[in-house]
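Taking it in order: structure first as structure tokens, then the write-up.
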Amino acid sequence: MSITTYIIISIIKSAALISILLTAVAYSVWLERKVSARIQNRWGPTRVGPFGLLQPLADGVKFIFKEDLTQPYVYKTLYIAAPIIAVVFAISSISVIPFGNSLTIPAFSLGPLGTVGPITTPLQITDLNIGLLLILGITSMGVYGVALAGWSSNSKYSLLGGLRASAQMISYEISLGLSLVGVLILAGSFSLRDIVDSQRHMHWYIFLQPVAFFTYLISAYAETNRTPFDLPEAESELVAGYHTEYSAMKFAMFFMAEYANMVTVACLATLLFFGGWLGPVFGPPIVQMLLPVVWFCLKVFFFMFLYVWVRWTLPRFRYDQLMAFGWKVLLPIAIANLVVTALVVAWRA
Amino acid sequence: MLHLPLFLIFGAICVAGAINLLVQRHPINSALSLIVVMASLAVEYLLLGAEFLAAVQVIVYAGAIMVLFVFVIMLLNAGEEEHTQGSRVALLLGVPGIAIGGVLVAWTVLRHSNTEAVALGALPGPPKDVARLLFHDFLLPFEVTSVLILIAIMGAVVLASKPGAIVRDRRPEPAQEEKRELAAVGKER
């Protein structure tokens, strides 16, 4: 493949993935509203389109047309930069996530420009041998968006929210990282594609690493500031936490960042513990090519649903409970799991 | 090909961030400039082919240590530095001192380093290579360093904690304690 084709394909893939991700983000908000309504015996959005399916679009238009307030007492540069930081890091972590095996485009002609040969491209923007580390790095940088938003708003609720968010994210990042190491030891690679490939024949790591899976899931919920760990934006005590002073599209950017992070977490859980795109493949070639993507999307959808389900079922932790749980329960469990996995692997080798 | 221009651009960003770190008055701006320095250093590592090192640089320095810096600045609500008139001694001695020091360092580095440039991608990049270096070739220094860091952390905890603070944690609230003491005093009377 020539460098020009490579660049063109990369640009197409990036554009497609970003639009898919943003659509997924919009519709997970819809999903959240619908499921929460079902759980509370309500209807949820029904007015805009069938089943309220166009509600995200209406919300987006509303966000754009709302008045964008900038309070006079904020620290302006950082106040504007914070939502951008949050959303950029949230979206860019999708770049190393593989969502299918590979795609083969048959040769086609471009008229006078000549023919484009059959192209086989992996369904992923880029496959790095440090893929997982890159995602961890990007998510760890995402804290700045929240922390700076809290600080630059120059309001007590925002500051408290930002402080809580950064303390919470640092605390749970450790058990999150450690819970993944067990899987890495078994897979022997940081590349997400290799990790999925090592789970063939139903050797999903959920069966081999159940403890790691639950540790990962719990700390990931804390990382994304979702109930029962949503103390940074606890409505009943902090108004809206770190984004209290934000309005219009800037507020929507924090919202997008939160849901994009949720999608990343769901993708990672699928790739690391549920075999990614692996699943039964049958039928004609075109179906065979698309089925893995369908399996991947179904698994991710399940995790998104689980997020909503948990949010509307469990009450919020108290702050000291949150810290005690992270440091005294989750972290020792993650370390013990890591030690046991390492010992078993070493003993078998 | 594309590596050299990128390397130069990120090198320039790195130096600009470092200068900005010194010039800025507000601690949070300085901390953010330091993040820029660390992130652009990570990109430099990446361009040299040390991708594992780059990832670790971002996770550990930019993502963890600097978050703590920012956290502390937020927590203490540190304000802008006070502007003082620069002392004349510092100006007279400091600037030539820095110039001489810089020239000396540059001269030593240029004199004693190999004249061959490090080829792009020559550094140990893949995690497996780094792991072999750390846990095989340099195992003892690596483990000793980790123990050293552990000791430093414990020392910091000991220095930072007030004497008896850990024991007091188990006791009832100070207010209740006071009440009880008052009650005891009252009984005695």
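Note on naming: letters A, B, ... go to the chains in the order of the sequence lines (proteins, then strands), and numbering restarts at 1 for each one.
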Heavy-atom distances under 4.5 Å only: say whether [X] touches chain B with side chain, backbone, both or neither.
{"X": "Ile130(A)", "answer": "side chain"}
{"X": "Ile174(A)", "answer": "neither"}
{"X": "Ile170(A)", "answer": "side chain"}

Exercise for the section: For Tyr144(A) and Ala62(B), indicate whether the former's side chain and the latter's backbone hold a donor-acceptor pair under 3.5 Å. Expected result: yes
Hey, is [atom1] on [X] packed in by over 12 heavy atoms from elsewhere, all under 6.0 Å?
{"X": "Tyr157(A)", "atom1": "OH", "result": "no"}
{"X": "Phe138(B)", "atom1": "CZ", "result": "no"}
{"X": "Tyr61(B)", "atom1": "OH", "result": "no"}

Problem - For Gly63(B) against Ser140(A), the heavy-atom pair lying closest together - result: CA-OG, 3.5 Å
Exercise for the section: Identify the heavy atoms of Ala55(B) and Leu133(A) that sit nearest to each other, and give their distance. Expected result: CB-CB, 3.8 Å
Problem - Pairwise side-chain contact, Leu148(A) with Leu32(B), heavy-atom cut-off 4.5 Å (strictly under) - result: yes
Fill in the blank from the handout: Between the CD1 atom in Ile59(B) and the CD atom in Glu173(A), the distance rounded to the nearest 0.5 Å is 8.0 Å
Practice task
Fit a plane to each ring of His26(B) and Trp151(A), take the angle between them on a 0 to 90° scale, and name the class: parallel (under 30°), tilted (30 to 60°) or perpendicular (over 60°).
Solution key: perpendicular
Handout entry: Contacting region of Val70(B) [heavy-atom separation from chain A under 4.5 Å]
Key = side chain
Practice task
List the steps and the verdict of side chain to side chain contact (heavy atoms under 4.5 Å, CB included) for Phe71(B) and Val143(A).
Solution key: CA-CA 10 Å; Phe71(B) 181 78; Val143(A) 187; over 6 Å; no
